[in-house]
Structures are given as C-alpha cells and as structure tokens.
Amino acid sequence: MGVLDREWSRKDDVPPSPFGPPSSPFSPPSSVPPSSGGLRQSGSGRVPQWALEEALNEQLRAYAAENGGMRAPKTRRRRRPRSSSFKLRVRTAALIAFVVALYLTPTVFERDIFPDVLPHLPWSNVPPRGVEASAMPLGTPPPSTGSAQYKLFDYPGLLQEFVAYDPCRPVHYVVRPDFAPAGTEGIVQEAVAEVAAATGFTFVFDGPTTEAPSPESRNSYQPELYGKRWAPILITWTSPAEVPDLAGPTAGLGGSEVAQRPDKPIVLVAGQVMLDAPAMTEILGYQSGRDHVRAIVIHELAHVLGLDHVDDPNQLMYEENDGRTTLADGDLAGLAKLGAGPCVPEL
C-alpha cells in the first residue's frame, strides 16, 4: 500500500514543533522519536512506505560515498518464450510468401525447380535427370546421301526442326521372345545393327523381357522393370488377338513416346515395335522370306527413331513394301539426320 500510505501521510497534520512553526509534510522533522528507528512517521505512529524507501536510498548514498562510488547491480532480462501460436503464424506467413513467389514467377518454378524435384517424388513418372548422359554424342552418323526422299514425323506446334533420340545416351532395347516364329533367331539384332550404322546411335541389348505390348500408350518410366532410367525400346512378337491394329495387311507397328524438360528440346524415349507373328510365319515361307521379315523389323525401327512413310515406292519407308529388303538413299539420309539430334542431359 505504498501509494495509499504516501497519499495518507500528505493529508495528515504534522504535530507542531517546539522549535518553530508547524513543519510541512515534505520537510525533514526537527526531531525523530526513538521508537521509529530513525524513520519518519505519520501522526498515527505508522511508518509510510515512502519513508522506508527514503531511508534505504540514504544508506545507499552513504555507502557509495564511503567506497568511492558503486555500480548499480546488473539484471538479466529473461527472454519470453515464443508460444506455439506465434510459431504457427510465422510458418503460415512463410508458406504464403512462398506460394505468392511461385505464383508471380511460374516459369521459374516450372523450368528450374519442379523438374528437379519431380524425379524424387514417390509417384514420379520420370527418371532422375541425366542418367547415362555423356557430354558428347556416343557415335557419328554417316554422311548424308543427299536424297530428300524421306519424311520425318510431324509434331503440331513443334519449335524445333525434328524430334529424335538423344545421341549422347545409349539406346537400350529389350525383346519379348514369346510367340517368335521359328527361323527368326537373330533377325532383331541384325535389324538393329543396320539402323545403328545408319544413325550412329549406340544400341544396347538388355535381354528378354516379360512386358506386354501397349498399343495405345506405353509408360516411359518403369523403374520396377528397368531401373531408374527411361524404359528401353520394347520389341514384341504378338498377334492381332493381342494387338487389334495388326489385323489385315499390317505386319508391324512402331513408334516412340516423347519427353521434354521446359525450355529444352523434345526427345524420343521408350519406343516399341509390335510384330505380327502369324503374318511373319507366313512370310518366312516365301522365297527370301527371312530377308523380308528383317526388312519389316528395320521399317518399324525406323518409325521408332522418327521416320514417317514416304510416297516413293523405291524407299523402304514406303507404306506398302513391294519387295525391297534394304534401306534406300532417302531412308539413309533421313536416318543420318535423326542421328544428329540434340543432346539433352537435363532429361
């Protein structure tokens, strides 16, 4: 009650001093009764709080004078712990700022951040970037024949001249041997060697596989089957019962999926060739039947690498083969061009 005591003492009358007129409540008394212990008292005999403080200050001043000064005691300010609600507000503000930054700079996020983060997410559909990528092409395509009798696949809205496989990586392939006709042993490897020589690509045979053909679309990334890299080219011996598009005069189908990192060239990945085994069995019964089967495999592999059909019946890429079994000058010029595509180590 220091404040009340002080206010009370100011209102109380001070007894008249025997040495003169009544003293002011704020002036020192002329005499101090012994019972107060040297402290000023009110008229009722109580010692106000302010009087105790005044006496303590007098003692401190006297001590300081005797000891040549005195430093005030240091006090350490205790840091107030931050509440969980404060931390939550800070985190929320940081998250909002991050989202706003992404919203304001979407191209930066899509081009530089998300593609590097995506391969490490559990549900990712792309492999880690740069798997098996070399700084230089692994091979060199042969000089062009100069022929213009070839056609590359057209992609609407394409900003680059053509789309091909990355020449700075090996082109892996696998074969599902189920339903392979007798007499076709080694045909796939022979066909691959011919297109490898025409493009300069380095092909790697990864052996047999159990993967079935996917006529509509194929998963380009299958780490459970092929590890953390783009799926290899899949070559299957199949039938119209499994792949209805092989019904009729069509003896084979071929093509590839595309992949792209923002602001980088599009490349081909995860191709597949589907061969009509019953039709191949029939062709093998003809004269030079094995050469014709190999020519069909080469034709479909050229589709996988990026060549489309042409109108020139003298080319192997003519839609209806009339007996040709080797690559012609236009076919070779187109494959050589595809072998000189861009390297994209960012994929």
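Every heavy atom of this structure was used, including side-chain atoms; hydrogens, water molecules and symmetry mates were not. Everything numeric here is computed off the predicted structure, so don't read it as measured data.
Contact record, D312 with Y318: O-CB, 3.4 Å, taken as the closest heavy-atom pair. The two residues C343 and D166 come nearest to each other via the heavy atoms CA-OD1, 3.3 Å.
The aromatic ring centroids of Y226 and H172 lie 6.0 Å or more from each other. Between H299 and H292, the distance separating the two ring centers is not shorter than 6.0 angstrom.
Applying the side chain to side chain donor-acceptor pair (under 3.5 Å) criterion to E319, with sequence neighbours excluded, gives no partner residue.
Taking the six-membered ring for Trp and thresholds of 30 and 60 degrees, W230 and Y221 have ring planes more than 60 degrees apart, a perpendicular arrangement.
Going from atom NZ of K337 over to atom CG of L152 covers 7.0 Å, rounded to the nearest 0.5 Å. In this structure, E257 CD and L268 CG are separated by 9.5 Å, a value rounded to the nearest 0.5 Å. Considering CG of D291 and CD1 of I298, their distance stands at 9.5 Å, rounded to 0.5 Å. Here the straight-line distance linking atom OG of S147 with atom CG of L332 works out to 9.0 Å at 0.5 Å rounding. For the atom pair CD1 (I235) and OG1 (T209), the distance works out to 11.5 Å, reported to the nearest 0.5 Å. Expressed to the nearest 0.5 Å, how far CD1 of I266 lies from CG of L159 amounts to 8.0 Å.
Remark: R169 does not engage E132 in a salt bridge, criterion side-chain N to carboxylate O under 4.0 Å. With respect to the salt-bridge test (charged N to carboxylate O, under 4.0 angstrom), the residues R229 and D206 qualify. A salt bridge does not link E185 with R290: none of the charged nitrogens is closer than 4.0 Å to a carboxylate oxygen. R261 has no carboxylate O lying under 4.0 Å from a charged side-chain N of E346, or vice versa, which leaves the two without a salt bridge.
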Practice problem: Report the C-alpha distance between D276 and T238 in whole Å, list the side-chain angles of each, state the deciding distance to 0.1 Å, and finish with yes or no for side chain to side chain contact (heavy atoms under 4.5 Å, CB included). | Solution: CA-CA 5 Å; D276 187 345; T238 181; over 6 Å; no

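A donor-acceptor pair shorter than 3.5 Å can be found between the side chains of S256 and Y165. Checking Q222 against N219 by side-chain atom types alone, no donor-acceptor pair falls below 3.5 Å. Side chains of Q149 and D311: no donor on one and acceptor on the other come within 3.5 Å.
Taking a 6.0 Å sphere around CD of Q287, one finds it holds 12 or fewer heavy atoms contributed by other residues, nucleotides or ligands.
Residues D245 and L253 have side chains in contact (heavy-atom distance under 4.5 Å, counting atoms from C-beta outward). For the pair P213/E242, a side-chain contact is recorded, criterion being any heavy-atom separation below 4.5 Å from C-beta on. The closest side-chain heavy-atom distance from I233 to F203 is below 4.5 Å. Under the 4.5 Å side-chain criterion, counting only non-hydrogen atoms from C-beta, D308 is not in contact with M317.
R218 places a side-chain N or O within donor-acceptor distance of the main-chain N or O of G271, the cut-off being under 3.5 Å. Listed for the D331 side chain is a donor-acceptor partner under 3.5 Å among the backbone atoms of L316. A donor-acceptor pair under 3.5 Å is formed between the side chain of R324 and the backbone N or O of T326.
Just one residue in the list E320, H303, K151 forms a side chain to side chain donor-acceptor pair (under 3.5 Å) with H309, and that residue is H303. The side chain to side chain contact (heavy atoms under 4.5 Å, CB included) test with P167 is passed by exactly one of P342, P137, P141: P137.
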